[in-house]
Structure formats: C-alpha cells, structure tokens
> 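Pasting in a structure now, in structure tokens, and then I'll have a few things to ask.
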Amino acid sequence: MAELSQSVLRKMAANRAESAAENTVDAARAWRQALPRVAQSEIGLTLMVQDITCDTVQATDAAENIADNALLCLLEGHGGMSGLVAWDPAAFAAFVAFRMTGKLPGALAERPATRVDAKLTSGFVGKLVQAFGHGLGDGGDTFATMNYSGFLADARLVQFALPEGPLTRARMEVQFASSGISGSLQVILPSPSVSRPERDVPKRPAQEWSQALGQNVHAAPMRLDAVLARLQLPLSLLLSLQVGQIVSLPGNCLDGVSLESGDGRTILTGRLGRASGDRAVRVANAASGSHSQLGQPEPQPAATA
C-alpha cells in the first residue's frame, strides 16, 4: 500500500513539473510574438527578441535582478491583479528617443528614469501585456485586461506593489533594429494559476434581462465632448503663447462640430448654434452602425494674431 502511495505521488509530481514546463514554453512563445508585433504596430519600431527566460519568483525577491536607474511601470487589471514592467536604462532611453524623434540615437548615456519616460512608454506597456494575454489564449484572459497604472521611483517599493503568491517573471534581451543598441525588459505578472479570481455571478431570471439592461447599460451616464476644431501648432509657437493672444480657427469649424466619447471616437456631428440663450449643437449626422464609419476631423494648421 505504501509503495502504491509513493507511486501515485511521484506521478502527480511529474505531472505538475510537466505542466509547469509547458506553461513556461507557452509564455516564452507569447512574449516572442507580442513584443516585436506591438513595437512595430504602435510606433513603427523594429525590436528583435534575442533571448528570453521565464521563471517563478515571490514579490519579496522580484527586485533582485532589476538594474539600477531602471524604469518601473506598474500594471493593473480586472480583479485587482497587478504586475510590473521594468526597463533597463539602455532599453527605455532608446525607446523614448525613438518615440520622440522617430530615430534611434547613435550613443546613449545612462540616466535615471523619470515620470516623463513612464508617460511616453505607458501606452506601449499596456498594449504589450494585452497582446501577451491574447497570445496565451484562454489562460491569458486577465492579462488581456491589464494596463499601465503608475510609475515607481524606487526598486525597493516593488515588493509592496506586487501581490502575494507565485509570480511569473519573463526576462527579455532585445535589440533595437540594426542600430547595435540592445537592452533588457523584465515583466512580472501573477502566475496563470492565480490570475483568474473566481466570479460569483448570480443567476438572473430571463424576464429580468431587459430591465437590468435598461438600468445598468442604457441608463449609465456617458460623457461627450463637443470639439469645435483641431489645430496643429509648432511647439515654439505654443510655448510662446500669452494671455490675450488670438488663435485663428478654420472658417468652416461652426459647421463641423463633433461630439466625441471619452476614448476619442466621434459619436455625432453637427453645427454650433444657440438654444434658449445657451450654446448648443444641432445634430446633423448620427452614427447608425460602427463608430469607425465616422472619420476623425483632420487637424488644421492654425494662424495667430
């Protein structure tokens, strides 16, 4: 009987080890696909993953291999899940330089990361982790909801920002196009086994569905911004603007007011006017299908007086 129990335990241990190895291979494959694709699609940057290693760490040990002066971007997703993307100085400096100028610099001097660096990389790290989650399939649902949530100024705070329990760490060595510049990224996320909190979804009778839809969706407040015009100004001119200075708008802007949602999509278009003594927009075109059918107004060059 004892021999049988030991045999069962050995099989269970072997199955767990095999499952962990498969998860590591899947994670490495998803990162190799996600990083170059997101870099190219988001800012037109060619990134090549030269090497990648995945392991499991605890929050207390997560900062051990993070480089000095690294850029630390916090992540947050549904269910209170959190994670971290750590760029070494060479990686974030090259990325920020390309983001600002469209070119990779010839030489990079190491410097501490700033909140400006975090802001310039925030959209990218969110898209990167979301693409990784989609690449994992069903096991990456929570990762696909994660996004940038803040900036850490000190690596000693990492252990307090990450959740307890096992964390999956991916360390990637990357090269920036053919420039010869290379750096590393570390992404620390909850392990897939603990990344999907249980959802207690109460069953609702079918006849209550329409009422619930009206209360929770149709009656939900939605912010709309009335956009009169979009302008393009040289940075030098923008910095020199003073109180009382006049910025000329396009002559047809009164006829092209757009009502936009919080994420910048045009919902309605119309004409600026008055109603009962207040400023108002008379709707001229309403979206009848996909919001993508309505294009964004092109920014117009502005003149100043």
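The figures here come from the full heavy-atom set of this structure, side chains too, leaving out hydrogens, waters and symmetry mates. This structure is a prediction, so every number in the text was calculated from the model and none was measured.
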> Transitively linked via ILVMFWY side-chain contacts under 4.5 Å: L71 with L74?
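No: no chain of side-chain contacts under 4.5 Å links L71 to L74.
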
> Evaluate the criterion side-chain contact (heavy atoms from CB on, under 4.5 Å) for residue pair V129 and V125; output intermediate values, then yes/no.
CA-CA 6 Å; V129 178; V125 297; 5.5 Å; no

> Could you give me the CA-CA distance, side-chain angles and deciding distance for V257 and T269, then say whether side-chain contact (heavy atoms from CB on, under 4.5 Å) is met?
CA-CA 6 Å; V257 179; T269 59; over 6 Å; no

> Honestly curious: do V49 and L136 fall in one hydrophobic cluster under the side-chain, below-4.5 Å linking rule?
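Both belong to a single hydrophobic cluster.
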
> Supply the atom-to-atom distance F176 CZ to M48 CE, rounded to the nearest 0.5 angstrom.
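Reported value, rounded in 0.5 Å steps: 10.0 Å.
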
> Shared ILVMFWY cluster between M172 and I66, side chains joined below 4.5 angstrom?
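Result: no, two separate clusters.
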
> Quick one: pull up NZ in K127 and CE in M146 and give me the separation to the nearest 0.5 Å.
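Here the rounded value is 15.5 Å.
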
> Below 4.0 angstrom, N of the basic side chain to O of the carboxylate: do D117 and K119 qualify?
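No, D117 and K119 are not salt-bridged.
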
> Assess whether salt bridge (Lys or Arg N to Asp or Glu O under 4.0 Å) is satisfied between R223 and E260, documenting all intermediate values.
CA-CA 8 Å; R223 170 182 166 179; E260 300 181 1; over 6 Å; no

> Quick one: do L224 and I267 satisfy side-chain contact (heavy atoms from CB on, under 4.5 Å)? Show the steps, please.
CA-CA 8 Å; L224 290 179; I267 308 300; 3.9 Å; yes

> Taking the side chain as C-beta and beyond, is there a heavy-atom pair between I188 and T168 under 4.5 Å?
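Sidechains of T168 and I188: no contact.
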
> How many angstroms lie between CG in L272 and CG in L228, if you round to the nearest 0.5 Å?
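Rounded to the nearest 0.5 Å, the CG-CG separation comes out at 6.0 Å.
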
> State plainly whether one hydrophobic cluster holds both V38 and W31, where clusters connect Ile, Leu, Val, Met, Phe, Trp and Tyr through side-chain heavy atoms under 4.5 angstrom apart.
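Hydrophobic grouping puts V38 with W31.
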
> Can you find a heavy atom in the side chain of L167 that is under 4.5 Å from one in the side chain of D61?
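Counting from C-beta outward, L167 and D61 never come under 4.5 Å.
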
> For residues 233-242, which side-chain donor-acceptor pairs fall under 3.5 Å, sequence neighbours excluded?
{"from": "S240", "atom 1": "OG", "to": "S236", "atom 2": "O", "distance (Å)": "3.3"}
{"from": "S240", "atom 1": "OG", "to": "L237", "atom 2": "O", "distance (Å)": "2.9"}

> Evaluate the side-chain contact (heavy atoms from CB on, under 4.5 Å) criterion for residues V174 and L185: first the C-alpha distance (whole Å), next the side-chain angles of each, then the deciding distance (0.1 Å), finally the verdict.
CA-CA 8 Å; V174 299; L185 278 78; 4.0 Å; yes

> Can you check whether R156's main-chain N or O pairs, donor with acceptor, with D154's side chain at less than 3.5 Å?
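Yes; judged by distance alone, with no hydrogens or angles, the pair exists.
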
> Is the backbone of P166 close enough, under 3.5 Å, to the side chain of T56 for a donor and an acceptor to pair up by distance?
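No; zero donor-acceptor contacts below 3.5 Å.
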
> Does any N or O in the side chain of R99 come within less than 3.5 Å of the main-chain N or O of L120, such that one atom is a donor and the other an acceptor?
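A pair under 3.5 Å: yes.
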
> Any link between L47 and F132 through a network of hydrophobic side chains (Ile, Leu, Val, Met, Phe, Trp, Tyr) touching at under 4.5 Å?
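Linked, L47 and F132 end up in one cluster.
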
> Are more than 12 heavy atoms from other residues, nucleotides or ligands located less than 6.0 Å from atom CZ of R111?
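More than 12 heavy atoms, drawn from other residues, nucleotides or ligands, come within 6.0 Å of this atom.
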
> Say whether, by atom type as modelled, one donor and one acceptor occur between the side chain of E173 and the main chain of S182 under 3.5 angstrom.
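Checked: no pair found.
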
> How close do T121 and C73 get, counting heavy atoms only, and between which atoms?
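Nearest heavy atoms, T121 then C73: OG1-SG, 3.7 Å.
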
> Minimum heavy-atom separation for A62 to R169, with atom names?
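Minimum heavy-atom separation between A62 and R169: O-NH1, 4.1 Å.
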
> Ignoring hydrogens and angles, write down the donor-acceptor pairs under 3.5 Å from the side chains of residues 81-98, residues two or more places apart or on other chains.
{"from": "S82", "atom 1": "OG", "to": "A161", "atom 2": "O", "distance (Å)": "3.3"}
{"from": "D88", "atom 1": "OD1", "to": "A90", "atom 2": "N", "distance (Å)": "3.4"}
{"from": "D88", "atom 1": "OD1", "to": "A91", "atom 2": "N", "distance (Å)": "2.8"}
{"from": "D88", "atom 1": "OD1", "to": "S184", "atom 2": "N", "distance (Å)": "3.3"}
{"from": "D88", "atom 1": "OD2", "to": "S184", "atom 2": "N", "distance (Å)": "3.2"}
{"from": "D88", "atom 1": "OD2", "to": "S184", "atom 2": "OG", "distance (Å)": "3.2"}

> Any donor-acceptor pair under 3.5 Å linking the side chain of E110 with the backbone of N69?
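No, E110 side chain to N69 backbone: no donor-acceptor pair under 3.5 Å.
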
> Please lay out, stage by stage, how Q175 and Q50 fare under the test side-chain hydrogen bond (donor to acceptor under 3.5 Å, both in side chains).
CA-CA 7 Å; Q175 182 174 350; Q50 296 178 309; 2.7 Å; yes

> Can you give me the closest heavy-atom contact between A27 and C54, atom names plus distance?
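Looks like CB-SG, 4.3 Å.
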
> Looking at every heavy atom in both F124 and L35, which two are closest together, and how far apart are they?
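That would be CZ-CD1, 3.8 Å.
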
> Any donor and acceptor pair, going by atom type alone, linking the side chain of T101 with main-chain N or O of K103 inside 3.5 Å?
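It does hold such a pair.
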
> Please evaluate residues D51 and R171 with respect to the criterion salt bridge (Lys or Arg N to Asp or Glu O under 4.0 Å), reporting the C-alpha separation (whole Å), side-chain torsions for both, the decisive distance (0.1 Å), and the verdict.
CA-CA 8 Å; D51 188 32; R171 290 180 283 186; over 6 Å; no

> Specify the closest pair of heavy atoms between L231 and P250, including all atoms of both residues, with the distance to one decimal.
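Scanning both residues completely, I find the closest heavy atoms to be CD2-CD, 4.0 Å.
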
> So which atom in A144 and which in Q130 form the shortest heavy-atom distance, rounded to 0.1 Å?
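The answer is O-CG, 3.4 Å.
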
